[in-house]
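Every heavy atom of this structure was used, including side-chain atoms; hydrogens, water molecules and symmetry mates were not. Numbered from 1 within each chain, the chains take letters A, B, ... in sequence-line order.
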2 protein chains.
Amino acid sequence: MIVLDFRDKRPLNEQVAEKIMNLIAQGGLAPGERLPSVRNLAIDLSVNPNTVQRAYAALEEKGYITTITGRGNYVSDESNWKDSLYGEVLGELKETALRVRAAGVGKEEALKCVREVYERD
Amino acid sequence: MIVLDFRDKRPLNEQVAEKIMNLIAQGGLAPGERLPSVRNLAIDLSVNPNTVQRAYAALEEKGYITTITGRGNYVSDESNWKDSLYGEVLGELKETALRVRAAGVGKEEALKCVREVYERD
DNA sequence: TTAGTGTATTAAGACATTTAATACACTTAT
DNA sequence: ATAAGTGTATTAAATGTCTTAATACACTAA
């Protein structure tokens, strides 16, 4: 389901949260579907339960999942996170594009770079 | 000349290096121009000399500046860093685009976002 | 009642960043 | 030659974050 990169300098809890977020965003996890329990996912990823718990807490904070004590974590309805995700991600893209332009890269070259990413596999 | 964000979680030495790099890329610092000494910039930024030294070392490693022991640090000629800057900045764009795609944003919407940045003023 | 769930706390270790205090070699101007 | 300013290097300490570990508690479901 998820593979972590232990050599990456980014915190494990952030990696877990982002990978699950991406799975949800792409439909790999449907709304209403139950996520693995904190303890089970921790075992699967060879990570401490606290680390998974922090990832889940962040995901709930952003509206991607709903937590029910004693039962588990469930994927939220798309309406709860789609707008905020699009806004966040397009904001990042805009910032990066500004930096790319400031560095002197031409418009066509920048567009080509983005197109290539989308046309890969 | 430069203002650091001490609340930002990013390392100070990286912030210093990036801000100087941007100044150079945008012509705020001309080739041949001398940078502030390690000690003076450290005082200006309220930071330890070691931190500035690390920033300068990184900048020299990437070809943005040339260091002469006993004299100072000087902005390198554009030919020394233009390629590496393009590579770095396009790499960032690629990564961001991947994240945008993973979030479920469509190709046309992403391209439109980049186009808008380039067509602004 | 039992097992499985989320949650919370405290302690310890590992690690990166930053500061601090020096020291040394080099260059420039006097 | 001397002095001041430069880059560079080293070692130690302080700090903060991340992670693990070991528990404990409240809740839910079978």
Quickly work out the [X] [atom1] to [N] [atom2] distance and round it to whole Å.
X       : N      : atom1 : atom2 : answer
A/Leu41 : C/dT7  : CG    : C1'   : 16 Å
A/Gln53 : D/dA21 : CD    : P     : 17 Å
A/Asn48 : C/dG13 : CG    : C1'   : 13 Å
A/Arg54 : D/dA21 : CZ    : C1'   : 12 Å
B/Arg39 : D/dA9  : CZ    : C1'   : 12 Å

Between B/Lys107 and A/Glu119, does at least one N-O distance fall below 4.0 Å, as a salt bridge requires?
yes
Is [Y] close to [X] at the side-chain level, that is, under 4.5 Å between some pair of heavy atoms?
X        : Y        : answer
A/Leu85  : A/Lys62  : no
B/Glu60  : B/Asn73  : no
A/Glu88  : B/Arg99  : yes
A/Glu18  : A/Asn22  : yes
A/Val100 : A/Glu109 : no

Base, sugar-phosphate, or nothing: which does B/Arg34 touch, judged by heavy atoms less than 4.0 Å apart?
sugar-phosphate
Near-strand residues of residues 3-18 of chain A, defined as heavy-atom separation under 4.0 angstrom from DNA chain D:
A/Pro11, A/Leu12, A/Asn13
For DNA chain D, determine which residues of residues 60-78 of chain A have any heavy atom closer than 4.0 angstrom to one of its atoms, and list them numerically.
A/Thr69, A/Gly70, A/Arg71
To the side chain of B/Asn50, which of C/dA20, D/dT20, C/dT18 is closest?
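It is C/dA20.
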Which listed nucleotide (D/dT6, D/dT20, C/dT19) is nearest to the side chain of B/Asn40?
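Between D/dT6, D/dT20, C/dT19, the one nearest the side chain of B/Asn40 would be D/dT6.
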Does C/dT5 have OP1 or OP2 sitting under 4.0 Å from an N or O in the side chain of A/Ser37?
yes
Would you mind writing out the side-chain donor-acceptor pairs for residues 42-49 of chain B within the sub-3.5 Å range, not counting sequence neighbours?
unit_1: B/Asn48; atom_1: OD1; unit_2: B/Asn50; atom_2: N; d: 2.9
unit_1: B/Asn48; atom_1: OD1; unit_2: B/Asn50; atom_2: ND2; d: 3.3

Between B/Ile20, B/Ile2, B/Leu41, which is the residue that forms a side-chain contact (heavy atoms from CB on, under 4.5 Å) with B/Pro36?
B/Leu41
Rounded at 0.5 Å granularity, tell me how far NZ in B/Lys82 sits from OG in B/Ser76.
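B/Lys82 NZ to B/Ser76 OG: 15.5 Å, rounded to 0.5 Å.
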